[in-house]
Amino acid sequence: MISETAERDFQAVKALLQQEKLKEVYEAYEPVLRDMLSVFSEAEWFEFWKQNGELEEQPLRLHLAAWRGDCLEIGCYEEDVTEKLADFLEKNLPEKAFNELKCLPVNVDADEEGGDLEPQLEPYRKQVKAWGFDLGVRFDDTYCSGLYFVFLEKTYPQ
């Protein structure tokens with residue numbers, strides 16, 4: 001799940017928004033807001049806030065987790081994400097486990113047959129399970145056409 005750091009970020013954003021310190025939120029979390037809301041300037045952020053007056057908790061937590069490296073963010077139309085997934089697993093699995101991992105192609109395109117992420121992760125799930133891990137996937141389409149967030153979760157101590 002999300003790290004303590006990402007949870008602290010979430011609580012900080014929440015507190016700043018309650019105090020209506022929009023500029024401070026934008027300055028501290030601009031990459032997250034850009035990714036989550038497609039706002040590319042402070043003025044766009046202010047306009048978003050004026051129109052909506054809130055940020056949904058679940059997408060904010062997921063985007064903060066991705067920003068902090070707790071999970072891998074994959075767009076629904078990203079196509080070949082094999083290397084991106086391998087890089088994420090290399091950073092988060094024990095070296096020996098990653099070296100034994102057989103990386104298979106993963107192509108994500110919601111409009112193509114076989115383009116769904118979940119079934120393509122099954123071979124990876126089987127492999128990491130032997131090392132006490134699982135790949136958890138969360139999906140969010142609150143502010144966009146859809147994003148997957150892939151977490152490497154420890155299922156039991158090694």
Side-chain angles (χ1 to χ4, degrees), residues 1-95 97-98 103 105-112 115-121 124-125 128 132-155:
M1 225 41 207
I2 71 171
S3 67
E4 289 180 22
T5 305
E7 183 59 29
R8 278 194 301 273
D9 286 329
F10 173 76
Q11 294 302 329
V13 170
K14 191 173 162 183
L16 289 169
L17 291 175
Q18 287 173 344
Q19 299 169 37
E20 297 198 23
K21 294 184 176 183
L22 301 178
K23 183 176 181 67
E24 289 86 344
V25 171
Y26 186 80
E27 289 173 351
Y29 299 99
E30 183 268 332
V32 176
L33 297 173
R34 182 181 61 238
D35 184 51
M36 183 171 73
L37 305 173
S38 296
V39 295
F40 297 97
S41 69
E42 189 175 287
E44 287 180 350
W45 160 238
F46 289 156
E47 184 62 28
F48 170 87
W49 188 258
K50 181 180 173 185
Q51 290 178 7
N52 296 280
E54 69 176 343
L55 287 177
E56 297 288 331
E57 281 190 24
Q58 188 63 16
L60 179 57
R61 276 193 162 99
L62 290 170
H63 282 271
L64 287 167
W67 184 52
R68 289 296 182 189
D70 300 342
C71 63
L72 174 64
E73 178 184 320
I74 298 175
C76 284
Y77 300 98
E78 234 177 284
E79 297 185 354
D80 187 359
V81 296
T82 310
E83 187 174 330
K84 187 176 181 179
L85 178 61
D87 289 346
F88 173 73
L89 293 173
E90 183 176 24
K91 289 176 190 167
N92 292 288
L93 280 171
E95 183 178 357
F98 179 76
C103 292
V106 178
N107 291 287
V108 181
D109 189 335
D111 290 338
E112 296 293 323
D116 188 33
L117 178 64
E118 289 279 356
Q120 296 181 73
L121 288 181
Y124 287 89
R125 281 191 172 111
V128 300
F133 293 91
D134 188 24
L135 290 175
V137 178
R138 313 294 182 282
F139 178 79
D140 184 74
D141 61 356
T142 306
Y143 298 113
C144 63
S145 61
L147 294 168
Y148 294 102
F149 295 86
V150 180
F151 289 83
L152 185 66
E153 300 169 331
K154 197 161 190 62
T155 55

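Only a predicted model underlies this, so the values are computations on that prediction, with no experimental measurement involved. One-based numbering along the sequence shown.
- The shortest non-hydrogen separation linking I2 to A65 is CG2-CB, 3.2 Å.
- Put simply, NZ on K14 and CG on L55 are 12.0 Å apart, with the number rounded to the nearest 0.5 Å.
- With a 6.0 Å radius and a threshold of 12 heavy atoms from other residues, nucleotides or ligands, E20 has its CD atom at or below the threshold.
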Scan the side chains in residues 42-49 for donor-acceptor partners under 3.5 Å anywhere in the protein, sequence neighbours excluded, and list what turns up.
{"residue": "E42", "atom": "OE1", "partner": "K23", "partner atom": "NZ", "Å": "3.4"}
{"residue": "E44", "atom": "OE1", "partner": "F40", "partner atom": "N", "Å": "2.4"}
{"residue": "W45", "atom": "NE1", "partner": "L22", "partner atom": "O", "Å": "2.9"}
{"residue": "E47", "atom": "OE2", "partner": "Q51", "partner atom": "NE2", "Å": "2.8"}

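- Distance NZ/K91 to CG/L152: 13.0 Å, rounded to 0.5 Å.
- Between L85 and L72 the shortest heavy-atom distance is CA-CD2, 3.7 Å.
- Scored by the salt bridge (Lys or Arg N to Asp or Glu O under 4.0 Å) test, E112 finds no partners at all (sequence neighbours excluded).
- Residues meeting the salt bridge (Lys or Arg N to Asp or Glu O under 4.0 Å) test with R125, sequence neighbours left out: E118, E122, D134.
- For the salt bridge (Lys or Arg N to Asp or Glu O under 4.0 Å) test, residues two or more places apart in sequence or in another chain that qualify with E78 are K84.
- Here the straight-line distance linking atom CG of D80 with atom CG of D109 works out to 11.5 Å at 0.5 Å rounding.
- When all heavy atoms of L62 and C71 are compared, the pair lying nearest together is O-SG, 4.0 Å.
- Every residue meeting the ring-ring contact (aromatic ring centres under 6.0 Å, His included) condition with Y29, not counting sequence neighbours, appears here in chain and number order: W67.
- More than 12 heavy atoms of other residues, nucleotides or ligands sit less than 6.0 Å from atom CD of Q11.
- Counting all heavy atoms, side chain and backbone alike, Q120 lies closest to P105 at OE1-O, 3.9 Å.
- With sequence neighbours excluded, no residue forms a salt bridge (Lys or Arg N to Asp or Glu O under 4.0 Å) with E24.
- Applying the salt bridge (Lys or Arg N to Asp or Glu O under 4.0 Å) test to pairs two or more places apart or on separate chains, those with a residue in residues 54-69 are E7-R61, D9-R68, E57-R61.
- To the nearest 0.5 Å, atoms CZ (F151) and CZ (F88) are separated by 8.0 Å.
- To the nearest 0.5 Å, atom OG1 of residue T5 and atom CZ of residue F10 are 15.0 Å apart.
- For S41, there are no side chain to side chain donor-acceptor pair (under 3.5 Å) partners two or more places apart in sequence or in a different chain.
- The side-chain contact (heavy atoms from CB on, under 4.5 Å) test with Y143 singles out one residue from L37, D35, V39, and that residue is L37.
- Between I74 and V137 there is no side-chain heavy-atom pair separated by less than 4.5 Å.
- With sequence neighbours left out, the side chain to side chain contact (heavy atoms under 4.5 Å, CB included) criterion links A28 to no other residue.
- Remark: F139 pairs with Y148 by the ring-ring contact (aromatic ring centres under 6.0 Å, His included) rule, at least two apart or across chains.
- With rounding to the nearest 0.5 Å, the separation of CG in L117 from CG in N107 is 10.5 Å.
- A search for side chain to side chain contact (heavy atoms under 4.5 Å, CB included) contacts involving C103 returns A86, L101, Y124, not counting sequence neighbours.
- Residues L147 and C76 come closest through the heavy atom pair N-SG, 4.1 Å.
- F149 meets the ring-ring contact (aromatic ring centres under 6.0 Å, His included) test with H63; sequence neighbours excluded.
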